[in-house]
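Each chain gets a letter, A, B and so on, in the order its sequence line appears, and its residues count up from 1.
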Amino acid sequence: MNQEANQNLESFSYDDKIVRWFTYATLLWGAVAMLLGVTIAFQLAYWKLNMGLEWLTFGRLRPLHTNAAIFAFVGNGMFAGVYYSLQRLCKARLFNDLLSKLHFWGWQLIIVSAAISLPLGMTTGKEYAELEWPIDIAITVVWVIFAVNFFGTLIRRRERHIYVAIWFYIATIVTVAVLHIVNSISIPVSLMKSYSIYAGAQDALIQWWYGHNAVAFFLTTPILGLMYYFVPKAANRPVYSYRLSIVHFWSLVFIYIWAGPHHLLYTALPEWLQTVGMVFSVALWAPSWGGMINGLLTLRGKWSEVRTNPVLKFLATAVTFYGMSTFEGPLLSVKSVNSVAHFTDWVIGHVHAGTIGWNYMLTAGMLYYLVPKLWKTKIYSIALANFQFWTATIGLFFYIVSMWIAGVTQGMMWRAIDGETGTLVYPNFIETVTQIIPMYWVRAIGGTLVLISFLVMIYNLLKSIAASKSDLKEEIYQAPALSANTATGHRKLEGLPMIFTVLVLLSIIVGTVVEITPTFLANRFFVKSDSITPYTPLELLGRDVFIKEGCYTCHSQMVRPMVSEQLRYGKPSHISESRYDHPFQWGSRRIGPDLARVGSKYPHMWHYRHMLNPRHMTHDSIMPNYPWLARKKIHYDVLEKKMRVMQALGVPYSDSEVASSVEDAQYQANEIADILAQSGVDKSVADKEIVALISYLQRLGSEVAEGITDQEVEE
Amino acid sequence: MKSQVFENFDLTILPTIGMIVFLVVFLFVVIWVFRKNSKKIYTEMSNIPLNEGNNNE
């Protein structure tokens with residue numbers, strides 16, 4: 001085969017059992033993730049589907065949907081594909097069967113604990129990183145197991161060169177570890193509650209450095225690795241240009257990290273940093289398209305097969321969607337486009353072009369390739385696979401188009417200003433919501449089609465597996481050993497992945513440093529005279545209710561410096577206003593209005609009635625009812641601990657404030673309850689969560705950082 | 001309006017350095033992949049997925 005052909009051949013086998021397990025898990029969690037997605041899509045179209053049950057409300061299910069889609073569906077699919085291809089690219093069995101099993105069961109356990117804890121409201125309130133600290137630790141452990149198993153296999157390889165797919169896997173393993181650990185650092189308050197050590201703008205930067213790169217290094221690089229393996233495999237010819245794949249790799253790894261700030265355009269971030277984020281987001285377009293072209297050109301001359309072979313059909317479509325969404329992404333980060341699109345459904349449509357168009361399609365192609373190999377069988381029905389393909393494509397089309405229309409419509413309505421009077425054309429936020437409800441229905445139907453297509457694939461694959469007559473005995477392969485017995489050979493085998501890993505680490509660190517350093521210096525530059533006081537104990541508890549209910553999935557707290565926003569909400573948000581916010585709650589989507597300035601806008605009673613049933617106050621509201629907030633008692637027992645943790649994080653609470661926190665909170669709660677009682681609410685409301693929440697909402701935006709001038713900046 | 005504390009603090013040196021580092025790396029990679037004799041290696045590399053080891057059975 002290669003130059004060592006005349007050396008002794010070594011016999012070995014591949015661990016395909018673990019790949020089969022991950023395949024089953026992919027099918028299971030894919031169905032769950034899509035079912036959840038369809039559920040929350042219908043909830044937005046028809047609010048009653050929140051069912052009046054706390055663990056089924058939109059705010060709690062949306063994080064579960066995103067986590068399930070990313071980490072459970074794509075995660076398991078990626079592990080299946082990585083383990084399958086890694087062994088073959090290395091001509092070596094996985095390092096350790098026990099580690100593989102621990103990896104598998106550990107990951108499933110993490111998913112199950114997410115599926116239980118998120119609906120119960122146990123969340124950090126940071127998007128895509130909602131899982132609480134014990135689960136975060138479990139993720140780290142399982143990731144390390146994966147890494148050991150991976151690098152162990154790599155070191156034992158019988159192939160001198162490391163194929164480019166493996167590079168992408170290495171980048172994934174290294175970067176995801178860094179992102180996850182840095183973003184998840186927090187101080188625990190109790191078993192399932194912790195506060196991020198970062199606050200405000202710093203937290204925002206780190207969270208979106210994580211968030212964007214979760215997309216990059218969990219949903220993109222490993223999948224590109226799979227593309228570089230499975231497309232040549234399925235087409236039975238080498239990748240179009242290996243050179244291009246190397247350039248693709250390094251540019252991508254280098255640039256992706258920088259693009260985080262584009263999630264925060266027009267927020268309270270420094271201008272130059274936003275510009276950097278924008279430039280790099282645009283620059284990302286080039287390497288991405290290099291990769292797409294490389295994938296598609298590998299199929300050149302095979303287009304007749306693409307039409308008939310489901311594997312090639314799904315793979316080619318996936319690569320095309322990769323190209324489309326990596327074109328749309330940079331477009332969305334252009335400031336003028338972003339000013340319309342940010343906080344709207346356009347972004348949601350963009351994300352799904354990626355997750356459904358790229359991740360789902362590529363996973364489907366990979367599974368149609370893998371299942372016949374793994375179970376020594378044939379695809380049960382090509383016709384069903386075609387049916388699945390068209391159902392998914394049409395569903396995705398509905399999804400993207402409806403969200404694009406909804407996003408642009410709502411974005412334009414938010415900013416529409418009457419030229420003569422200088423006032424908002426649609427001052428009532430709800431008008432901009434009812435306008436796009438029809439699009440929510442179209443999206444929900446599109447999503448349903450995608451779900452159906454996935455169920456069809458499950459049926460098709462299970463039927464294929466059932467038809468397998470083979471006993472699935474592991475086959476024995478042979479390949480020449482690499483001259484690992486000599487000292488130099490051995491060092492080289494271990495050395496290459498090591499050097500490589502270090503290089504990848506270096507390139508992501510450059511971007512990280514550029515992006516995050518300023519925020520660590522930020523505290524030094526806060527204004528001395530700014531009047532921001534920390535939350536009162538009761539407000540702090542109310543804030544935790546806000547986080548628990550996932551209000552941030554529908555409400556931002558970030559007024560952008562634009563005339564229309566100023567007219568609608570008030571003064572633009574200032575960086576120092578959220579300096580005590582562990583974690584920040586700027587949000588990413590405005591299904592409801594921004595809340596940064598909602599304090600004192602309404603009387604307590606308005607909020608009370610609105611929380612019980614928003615339709616009492618706003619007739620067409622789609623916000624869920626929160627009746628249990630008026631039933632559930634405030635947890636005063638952990639308050640002192642919470643205050644202490646906040647104190648440790650640098651929030652200026654005095655020791656006596658901590659000591660008297662419960663008393664102070666109860667005093668404030670009674671004040672609010674007295675006012676509510678004047679409108680006929682029973683006084684027993686005083687110890688209920690709704691009072692804490694109202695105290696928090698009334699506090700928002702009450703302290704606007706005033707007139708900052710050069711002289712006041714602390715040196 | 002957007003009176004940012006940051007604006008008093010000029011850190012543009014950071015992204016500038018980053019940009020230069022990237023350009024250097026990028027050019028290096030491009031030149032590297034077109035180095036002499038690389039074609040043979042790359043052909044060999046790109047064929048790795050297509051051969052899985054000799055099946056013995």
Nearest-0.5 Å distance that lies between atom [atom1] in [X] and atom [atom2] in [Y]:
{"X": "A/R160", "Y": "B/M45", "atom1": "CZ", "atom2": "CE", "result": "12.0 Å"}
{"X": "A/Y163", "Y": "B/S46", "atom1": "OH", "atom2": "OG", "result": "7.0 Å"}
{"X": "B/T43", "Y": "A/Y242", "atom1": "OG1", "atom2": "OH", "result": "11.0 Å"}
{"X": "A/R88", "Y": "B/L50", "atom1": "CZ", "atom2": "CG", "result": "13.5 Å"}

For [X] versus [Y], what's the shortest heavy-atom pair and its separation?
{"X": "A/L89", "Y": "B/P49", "answer": "CD2-CA, 3.8 Å"}
{"X": "B/N47", "Y": "A/P238", "answer": "OD1-CG, 3.9 Å"}
{"X": "A/H161", "Y": "B/I48", "answer": "CB-CD1, 3.8 Å"}

(message) Within a 6.0 Å radius of atom OH on B/Y42, are there more than 12 heavy atoms belonging to other residues, nucleotides or ligands?
(response)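 Enclosed.
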(request) Return each pair, listed once, that meets salt bridge (Lys or Arg N to Asp or Glu O under 4.0 Å) where at least one residue sits in residues 227-253 of chain A; pairs must be two or more places apart or across chains. (result)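 Sorted result for residues 227-253 of chain A: A/K233-B/E52.
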(request) Not counting sequence neighbours, which residues clear salt bridge (charged side-chain N to carboxylate O under 4.0 Å, His left out) with B/K39? List them please. (result)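 So B/K39 forms no salt bridge (charged side-chain N to carboxylate O under 4.0 Å, His left out) with any residue.
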